[in-house]
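Chain letters run A, B, ... following the sequence lines, proteins first and then strands; every chain starts at 1.
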2 protein chains.
Amino acid sequence: MSEPLDNTFAALSDPTRRAILAMLLEDDMAVTDVAEPFEMSLAAISKHLTILTRAGLISQEKRGRVKWCKLEPDALKAASTWMQSFGQFEPVNLDAFEAFLNAEFGREAP
Amino acid sequence: MSEPLDNTFAALSDPTRRAILAMLLEDDMAVTDVAEPFEMSLAAISKHLTILTRAGLISQEKRGRVKWCKLEPDALKAASTWMQSFGQFEPVNLDAFEAFLNAEFGREAP
DNA sequence: TTTTTCGTCAACCGTTTGGTTAAGTGTTGT
DNA sequence: ACAACACTTAACCAAACGGTTGACGAAAAA
């Protein structure tokens, strides 16, 4: 019923999930460590991670009792392609991203 | 409460709204004409257009009794920047977009 | 072995979403 | 003046969302 692109964009529409993705950009993390900086329950974060997994934006691998979360950048390609088509086909540079990340973290990450 | 990026991604998460954007890529359109190809009420399309407007993805200008809808590609820039950062910074080309649009229309557009 | 840690699941709750139909507001054409 | 057209709004509905708490299973540590 719902297309991959639906799930990708829906997953990205939540600031908590975007913050999680930004965290995972730095390193793979365990669920508990992902949850630590947020002011919400572990169960809530677990749900967010399920949504991100369903959207293909991350993968989760269980080793022992710890479940490791890993960014999967490829899932963003289709969505990115769709968006760029409306965005005048400008190439993106890292500086713009860094500035954006700072802004995002300044407001959203605890 | 909700950030611009939230609204942008949420607006893009619905296939009807993405199809509307693709239609508007070709030309400005009146609300009734936007609604024509879809199997849902005019009121429903009107709501979708409100959501797209709130997200800044389109603008609506009333001339007489007709309300014209116009694509606003700039609103996608911030979101696009965010996404590209996770997508290995690959430049996007038009061929990929065309292929994607065809696939999208084949499945989603009535 | 017992206890703590890691994480999910189930049930619940209030809000939002995506759709419907019906009524209402302007604008245009006859 | 009146009818048709172009939309929007209101009220309603079922389903999904985003969060909670509490119970639970599996793995690790004591």
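Gln60(A) meets the side-chain hydrogen bond (donor to acceptor under 3.5 Å, both in side chains) test with Thr53(A); sequence neighbours excluded. Remark: Glu61(B) pairs with Arg63(B) by the salt bridge (Lys or Arg N to Asp or Glu O under 4.0 Å) rule, at least two apart or across chains. Ala10(B) is linked by a side-chain contact (heavy atoms from CB on, under 4.5 Å) to Ser13(A), counting only residues two or more places apart in sequence or in another chain. With sequence neighbours excluded, no residue forms a side-chain contact (heavy atoms from CB on, under 4.5 Å) with Lys47(A).
Side chain of Arg18(B) to main chain of Leu12(B): a donor-acceptor pair is present (N/O by atom type, distance under 3.5 Å, no hydrogens or angles). Arg17(A) places a side-chain N or O within donor-acceptor distance of the main-chain N or O of Ala11(A), the cut-off being under 3.5 Å. Formation of a donor-acceptor pair under 3.5 Å by the Ser46(B) side chain with backbone atoms of Leu42(B) is not found in this model.
The CG atom of Leu49(B) sits 10 Å away from the P atom of dC7(D) (whole-angstrom rounding). Taking atom CD1 of residue Ile45(B) and atom C1' of nucleotide dT9(D), one finds them 17 Å apart after rounding to whole Å. Protein atom CZ of Arg18(A) is 12 Å distant from nucleotide atom P of dG18(D), rounded to whole Å. For the pair Ile58(A) CD1 and dG7(C) P, the computed distance is 12 Å after rounding to whole Å. Whole-Å rounding puts the Lys67(B) NZ to dT9(D) P distance at 7 Å. Nucleotide dT8(C) holds its P atom 14 Å from the CD atom of Glu61(A), rounded to whole Å. Rounding to whole angstrom units, CZ of residue Phe9(B) and P of dC17(D) are separated by 17 Å.
Checking Ile51(A) against Gln60(B), the closest nucleotide of DNA chain D that is more toward the 5' end is the one next to Gln60(B).
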### Task
Could you encode protein contacts along nucleotides 19-25 of chain D as a string, one character per nucleotide from 5' to 3', using B for base contact, S for sugar-phosphate-only contact and - for no contact, with a heavy-atom cut-off of under 4.0 Å?
BBB----
### Summary
With sugar-phosphate taken as primed atoms, P, OP1 and OP2 and all else as base, the protein-contact string of nucleotides 24-30 of chain C at under 4.0 Å (heavy atoms; B, S, -) is ---BS--
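Close to dT8(D), at under 4.0 Å from its OP1 or OP2, lies no side-chain N or O of Thr50(B).
Remark: of the listed residues Val34(A), Leu49(A), Ile20(A), Leu49(A) is the sole one forming a side-chain contact (heavy atoms from CB on, under 4.5 Å) with Ile58(A).
Here the side chains of Leu24(A) and Asp28(A) are not in contact, with every heavy-atom distance at 4.5 Å or above.
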